[in-house]
Amino acid sequence: MTGPRRDTRVAGGRAAVAREIRAAAGLARDVRAPLTASAPWLTAVLSVQAAHRRPRLLPAAVVVEARPGRPDAIALLALATAGPVVTATLLGDGLPVPGGRPAARLPARDDDAAARLAAGVLGLLTSCRRPWRLRLAGLPLGDPTVRALARLRPDAVVASRRSHRLVDDLGTRPGRVVRSRDPGAVDAALPALLAGVRDARARDLVRAAARLHAAAGRVEVAVLTAGGRERAGLLTLVDGEDRSPWHGWGDGLREEPGAPLVGVSVGGRGRVARAVLDGAAALLPVSPRRGSG
């Protein structure tokens, strides 16, 4: 017995992608996506990217669904369209996230949805009139969409690397450590926490995501004071019992190796050869319904 037919479609632009992010909140919960791959975080990323004209990034969502409004898989992408090559990365790629574990996701309910998602991503890029490059990073080992991309494009390069996580050793340093989830305390600590961040997009993302998650009680700020001066500060994302040190400065912080991360890269010349499209034919076509924003 087969289930309902799944369609694949593409939504482009900030407003349309924001709607897809909200619609995929249930899928993210079902696959236990981390906070950095959930709706509040990704919405903050959209706002930060929209506020910065350079680099110009066009948000896009590739969605697999059997019923409208209930996605079975989704890829949230940022397309860098300046220059001769269109480069697609995951939404939020390069912005500060907690280290030590995969922060990104390509949520898919099952292998069939993942395969259709991979074909949809390739369908979006191979429709470009220019050369294109796909670079996805920060995903968990064994991601089914990455496997499907490698099957559809044998020339794809799949590689893993070791992540590093921030370790909170503030309590081992001389002085007094005050920890709080109060939004006011988080906001008061942000100027010191952001003082050393030169990249404007990274600085704005930390500020926006910290305030947004503090309002939900999901950010803790820790401040180490000694000799009448602040010696260190740290933001930690809190999800139930799970704690992920995220962004900090000063004494009492160190890094150690974390879990491996996987990425995939592949490129094409645009209007790709029929041989490649034939490999995805059973999984497409992409529905002509397109969002706008």
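- Among all heavy-atom pairs drawn from L190 and A210, the shortest one is CD2-CB, 4.1 Å.
- In this structure a side-chain-to-backbone donor-acceptor pair under 3.5 Å is missing from R53 to A50.
- The distance from atom CD1 of I21 to atom CG of L91, rounded to the nearest 0.5 Å, is 5.5 Å.
- In terms of hydrophobic clustering, with Ile, Leu, Val, Met, Phe, Trp and Tyr side chains grouped at heavy-atom distances under 4.5 Å, V158 and L149 are assigned to a common cluster.
- With values rounded to the nearest 0.5 angstrom, L193 atom CG is found 8.5 Å from E230 atom CD.
- Scanning all heavy atoms of the two residues, the minimum distance from A208 to A44 falls at CB-CB, 4.5 Å.
- Of all the heavy atoms in A150 and A156, the pair that sits closest is CA-CB, 4.4 Å.
- Put simply, the side chain of T8 does not reach to within 4.5 Å of the side chain of V63, judged on heavy atoms.
- Hydrophobic clustering, with ILVMFWY side chains joined whenever heavy atoms are under 4.5 angstrom apart, keeps L46 apart from L212.
- With respect to R116 and D112, a salt bridge is recorded, a charged nitrogen being found less than 4.0 Å from a carboxylate O.
- Using a distance-only test at 3.5 Å, with no hydrogens or angles considered, no donor-acceptor pair links the side chain of S265 to the main chain of L134.
- The shortest side-chain heavy-atom distance between V178 and T225 does not fall under the 4.5 Å cut-off.
- Note on R254 versus D168: no salt bridge recorded, every NZ/NE/NH1/NH2 to OD/OE distance being 4.0 Å or above.
- Counting non-hydrogen atoms of other residues, nucleotides and ligands closer than 6.0 Å to CZ of R29 gives a total of 12 or fewer.
- For D242 and R218, the salt-bridge test fails: no basic side-chain N is under 4.0 Å from an acidic carboxylate O.
- Not a single donor-acceptor pair under 3.5 Å links the side chain of R6 to the backbone N or O of E65.
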**Request:** Would you sort out whether D7 and R9 count as a salt bridge (charged side-chain N to carboxylate O under 4.0 Å, His left out), showing the intermediate values?
**Result:** CA-CA 7 Å; D7 292 323; R9 59 183 177 82; over 6 Å; no
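- Here the side chains of V238 and R181 are in contact, with some heavy-atom distance below 4.5 Å.
- With hydrogens and angles ignored, the 3.5 Å screen pairs no side-chain donor or acceptor of R165 with any backbone N or O of S244.
- L166 belongs to a hydrophobic cluster with L170, V177, L224, L234, L253, counting contacts under 4.5 Å between side-chain heavy atoms of Ile, Leu, Val, Met, Phe, Trp and Tyr, direct or through other members.
- When every heavy atom of P55 is checked against every heavy atom of R201, the shortest pair comes out as CD-NE, 4.1 Å.
- The minimum heavy-atom distance between V221 and A189, with the atom names listed, is CG2-CB, 3.5 Å.
- In this structure, R153 contributes its side chain and G267 its backbone to a donor-acceptor pair below 3.5 Å.
- By the neighbour-count criterion of 12 heavy atoms within 6.0 Å, atom CZ of R203 is densely surrounded, having more than that number from other residues, nucleotides or ligands.
- Within the structure, every pair that satisfies the ring-ring contact (aromatic ring centres under 6.0 Å, His included) test and touches residues 190-238, not counting sequence neighbours, is listed here: W41-H213.
- With contacts defined as side-chain heavy-atom distances shorter than 4.5 Å, the pair L90/L77 qualifies.
- W246 places a side-chain N or O within donor-acceptor distance of the main-chain N or O of P96, the cut-off being under 3.5 Å.
- No more than 12 heavy atoms of other residues, nucleotides or ligands lie within 6.0 Å of CZ in R56, so this atom counts as exposed by the packing criterion.
- The main-chain N or O of A202 is found under 3.5 Å from a side-chain atom of D199 such that the two form a donor-acceptor pair.
- Electrostatic pairing of D72 and R70 counts as a salt bridge here, judged by a charged N lying under 4.0 Å from a carboxylate O.
- Tracing side-chain contacts under 4.5 Å through hydrophobic residues (I, L, V, M, F, W, Y), one never reaches V121 starting from L57; they form parts of separate clusters.
- When side chains are defined from C-beta on, S160 counts as touching L141, because their heavy atoms get closer than 4.5 Å.
- Here the CD atom belonging to E256 is positioned 8.5 Å from the CG atom belonging to D169, to the nearest 0.5 angstrom.
- Side-chain contact between L106 and D143: present, with at least one pair of heavy atoms (C-beta onward) separated by less than 4.5 Å.
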**Prompt:** side chain to side chain contact (heavy atoms under 4.5 Å, CB included) between W132 and L122: does it pass, once the steps are laid out?
**Reply:** CA-CA 10 Å; W132 56 271; L122 289 176; 4.0 Å; yes
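- L261 and L139 sit in two unconnected hydrophobic clusters of ILVMFWY residues. Membership requires side-chain heavy atoms under 4.5 Å apart, directly or through other members.
- T87 is linked by a side chain to side chain contact (heavy atoms under 4.5 Å, CB included) to A80, V85, T89, R133, counting only residues two or more places apart in sequence or in another chain.
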**Item:** Steps toward side-chain hydrogen bond (donor to acceptor under 3.5 Å, both in side chains) verdict (S47, R14)
**Value:** CA-CA 8 Å; S47 297; R14 180 186 173 192; 3.2 Å; yes
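- Contact check on R207 versus D204 returns a salt bridge, with a Lys/Arg side-chain nitrogen under 4.0 Å from an Asp/Glu carboxylate oxygen.
- A salt bridge is absent between R135 and D93: the closest approach of a Lys/Arg side-chain nitrogen to an acidic carboxylate oxygen does not fall below 4.0 angstrom.
- Following chains of ILVMFWY side-chain contacts shorter than 4.5 Å, one can reach L152 starting from V146, so the two form part of one hydrophobic cluster.
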**V219 vs T236, side chain to side chain contact (heavy atoms under 4.5 Å, CB included): CA-CA, chis, key distance, verdict** = CA-CA 6 Å; V219 169; T236 298; over 6 Å; no
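- Between P71 and A24, the shortest heavy-atom contact is CG-CA, 3.7 Å.
- In this structure the side chain of R211 never reaches within 4.5 angstrom of the side chain of P183, judged on heavy atoms.
- When the options T36, L205, L237, L35 are evaluated for a side-chain contact (heavy atoms from CB on, under 4.5 Å) with V97, the one that passes is T36.
- Taking the side chain as every heavy atom from C-beta outward, H247 and P98 never approach each other to under 4.5 Å.
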